[in-house]
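Below: one structure, written as structure tokens.
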Amino acid sequence: MAKSKLYGRDLICTQDWSVEELNEALDLAVDMKANRFSEGHLGILKGRTFMMFFYNPSVRTRQSFEGAATELGGHAQFLEPKAMRLKTKHSAGETIEDAAKVMTRYACGIGIRILEDKIDAYGDGDALLLEYAKHADIPIINMADDKFHPCQGLADVMGLRRHLGTKDVKGKKLLQVWSHGALARSWRSVQESLLINSRFGMDVTLAHPEGYDLDPDVVAEVEANCKANGAAFEIVHDPAEGYTGADVVYARNWMSPKAYENGFDKEPEVRKALGYPEWICDREKMERTRNALFIHPMPVDRGHEVTDEVASDPRSIIYDVAENRLHVQKAVMALTMGE
């Protein structure tokens, strides 16, 4: 097996890879799913270690990355930075430069998960990954930071292609819609969805109440992606309008910009969000679509973001997408770390 041109590359945001490179990963993920335990895949990372830094706990991310490393013949090492004597703004310890250069000697890749409650300001988590990438000679894989979630984005696309019945999703309409909820969620998954799906030519409608704007730089990139593909992009502030003609509905709560200005205090965000019950994704709204797929990165806040009827409907692909995390991560690890 020859090295991929992606060998040694970081994956911090899908915007950093070309469409051709994203397709290479997605095509391999499809093959790995279809031939899950084939001999050709089992030894790709034989004897190699992938280090996983979890600043924040996780369920699916840890399970899927550990499973991916195992199925490629390698080992995923679980690490908690709080137990690693790393330097922070508030404590002495090893710098990112020193840690990255040493771990380059131990492992074939590093995954990092750092969310908004472990940083001081929006963007700091993403900046930490970029700093590791600057000093490490092995790939840095974003396992979710405060801005982006590339493996989730790839899993989303893999699921949409299968259930829409076409690899070419250009011209299909994605509704990325804010939903009210009892969980105050960050921007990473929805921003990644907007970025990667606009790269593949989907028409994008972003719907949210006034005051729930996302990162303006990311929204500008999404608009530019759509323009480059001749696709439509619009922002609406009506809870039902965006559903009309949608092929895919991605309903998820996210915090307002004010949460990022007040130290990520989620309690007032939850109270505020629960004041918008009309923004739930329900059967009545889904009937305005073109028999749309329902998609969500999970965990789903049932009864707030979406009704049980929609979340458990045959057109809901949430479990397939969750499974796809395993396969796209195997593909990314094989392409960037395997020879």
Side-chain angles (χ1 to χ4, degrees), residues 10-19 21-22 56 112-131 133 140-157 160 169 173-179 181 184-237 242 246 248-262 264 269 273 295-297 305:
D10 306 311
L11 178 59
I12 297 176
C13 177
T14 52
Q15 287 286 114
D16 302 332
W17 286 16
S18 70
V19 169
E21 290 165 341
L22 295 173
N56 292 84
I112 302 175
R113 177 181 176 86
I114 182 167
L115 310 183
E116 63 279 352
D117 59 326
K118 299 299 182 183
I119 57 177
D120 293 324
Y122 173 72
D124 284 357
D126 193 62
L128 180 139
L129 269 75
L130 292 170
E131 185 71 9
I140 302 299
I141 305 300
N142 186 351
M143 301 194 303
D145 66 25
D146 57 323
K147 294 180 72 172
F148 307 118
H149 200 347
C151 293
Q152 182 65 55
L154 286 165
D156 291 344
V157 173
L160 294 182
V169 295
K173 178 181 174 180
L174 166 71
L175 170 63
Q176 192 83 45
V177 57
W178 183 92
S179 294
R185 303 184 187 271
S186 79
W187 296 347
R188 62 187 176 275
S189 294
V190 295
Q191 291 188 160
E192 192 64 64
S193 169
L194 290 165
L195 287 168
I196 194 169
N197 286 305
S198 61
R199 293 287 297 288
F200 286 109
M202 293 192 80
D203 294 331
V204 176
T205 295
L206 174 60
H208 58 78
E210 296 281 0
Y212 280 93
D213 305 88
L214 295 168
D215 183 331
D217 292 334
V218 172
V219 172
E221 285 188 281
V222 174
E223 190 168 12
N225 290 344
C226 288
K227 184 176 181 180
N229 285 309
F233 176 73
E234 64 175 344
I235 300 175
V236 301
H237 301 296
V248 179
V249 173
Y250 188 139
R252 183 173 170 88
N253 175 262
W254 64 80
M255 295 184 290
S256 73
K258 289 185 177 179
Y260 288 91
E261 298 167 5
N262 66 8
F264 309 115
E269 283 294 308
I295 190 169
H296 192 288
E305 291 178 318

Quiz prompt | Verdict with reasoning, Asn225 to Glu221, per side-chain hydrogen bond (donor to acceptor under 3.5 Å, both in side chains) | solution = CA-CA 6 Å; Asn225 290 344; Glu221 285 188 281; over 6 Å; no
Exercise. Mark yes or no for whether Lys147, through its side chain, and Ala127, through its backbone, hold a donor-acceptor pair below 3.5 Å.
Key: no
Exercise. Say whether, by atom type as modelled, one donor and one acceptor occur between the side chain of Asp146 and the main chain of Leu115 under 3.5 angstrom.
Key: no
Quiz item: Rounded to the nearest 0.5 Å, how far does CD of Glu131 lie from CG of Asp124?
Solution: 12.0 Å
Practice problem: Taking the side chain as every heavy atom from C-beta outward, state whether Leu129 and Ile114 have any atom pair closer than 4.5 Å. | Solution: yes
Quiz item: When rounded to the nearest 0.5 angstrom, what is the spacing between CD in Gln191 and CD in Gln176?
Solution: 10.0 Å
Quiz item: Roughly how far apart are His149 NE2 and Leu154 CG, rounded to 0.5 Å?
Solution: 11.0 Å
Exercise. Find out whether Pro297 and Arg252 are in side-chain contact, i.e. whether some heavy atom of one side chain is under 4.5 Å from a heavy atom of the other.
Key: yes
Quiz item: Looking at Tyr122, Tyr212, Phe148, which one forms a ring pair (Phe, Tyr, Trp, His ring centres under 6.0 Å) with Trp187?
Solution: Tyr122
Quiz item: Taking side chain as C-beta onward, heavy atoms only, is Leu174 less than 4.5 Å from Ser193?
Solution: yes
Quiz item: Where do Cys151 and Ile141 come nearest, in terms of heavy atoms and distance?
Solution: SG-CG2, 4.3 Å
Quiz item: Taking all atoms of both residues into account, what is the closest heavy-atom pair of Ala232 and Cys226, and its distance?
Solution: O-SG, 3.8 Å
Practice problem: Go through the structure and list residues passing salt bridge (Lys or Arg N to Asp or Glu O under 4.0 Å) with Glu21, not counting sequence neighbours. | Solution: Arg9
Quiz item: For residues 185-200, which residue pairs qualify under salt bridge (Lys or Arg N to Asp or Glu O under 4.0 Å), counting only residues two or more places apart or in two chains?
Solution: Glu116-Arg188, Arg185-Glu305
Quiz item: Rounded to the nearest 0.5 Å, what separation is found between the CG atom of Leu22 and the OG1 atom of Thr14?
Solution: 6.0 Å
Practice problem: Indicate the atoms forming the closest heavy-atom contact of Ala133 with Ile12, along with that distance. | Solution: CB-CD1, 4.0 Å
Quiz item: What is the minimum heavy-atom distance between Val204 and Ser198, and which atoms define it?
Solution: CG2-CB, 4.3 Å
Self-check item: Nearest heavy atoms of Thr205 and Gly242, plus distance in Å
Solution: CG2-CA, 4.1 Å
Quiz prompt | Spatial distance of atom CD1 (Ile140) from atom CD1 (Ile112) [nearest 0.5 Å] | solution = 5.0 Å
Self-check item: Main-chain N/O of Asp145 paired with Asn142 side-chain donor or acceptor, under 3.5 Å
Solution: yes
Exercise. Would you indicate whether the side-chain heavy atoms of Val248 and Met202 approach each other to under 4.5 Å?
Key: yes
Exercise. From the options Asn197, Leu160, Val190, Leu175, select the one residue that forms a side-chain contact (heavy atoms from CB on, under 4.5 Å) with Tyr250.
Key: Val190
Self-check item: Heavy-atom closest contact (Gly181 atom, Ala273 atom, distance)
Solution: O-CB, 3.7 Å
Practice problem: Indicate yes or no: at least one non-hydrogen side-chain atom of Leu214 is less than 4.5 angstrom from one of Leu206. | Solution: yes
Quiz item: Quick one: does Trp254's side chain have a donor or acceptor within less than 3.5 Å of a partner on Trp178's backbone?
Solution: no
Practice problem: Report yes if the side chains of Val219 and Ile235 come closer than 4.5 Å at any heavy-atom pair, otherwise no. | Solution: yes
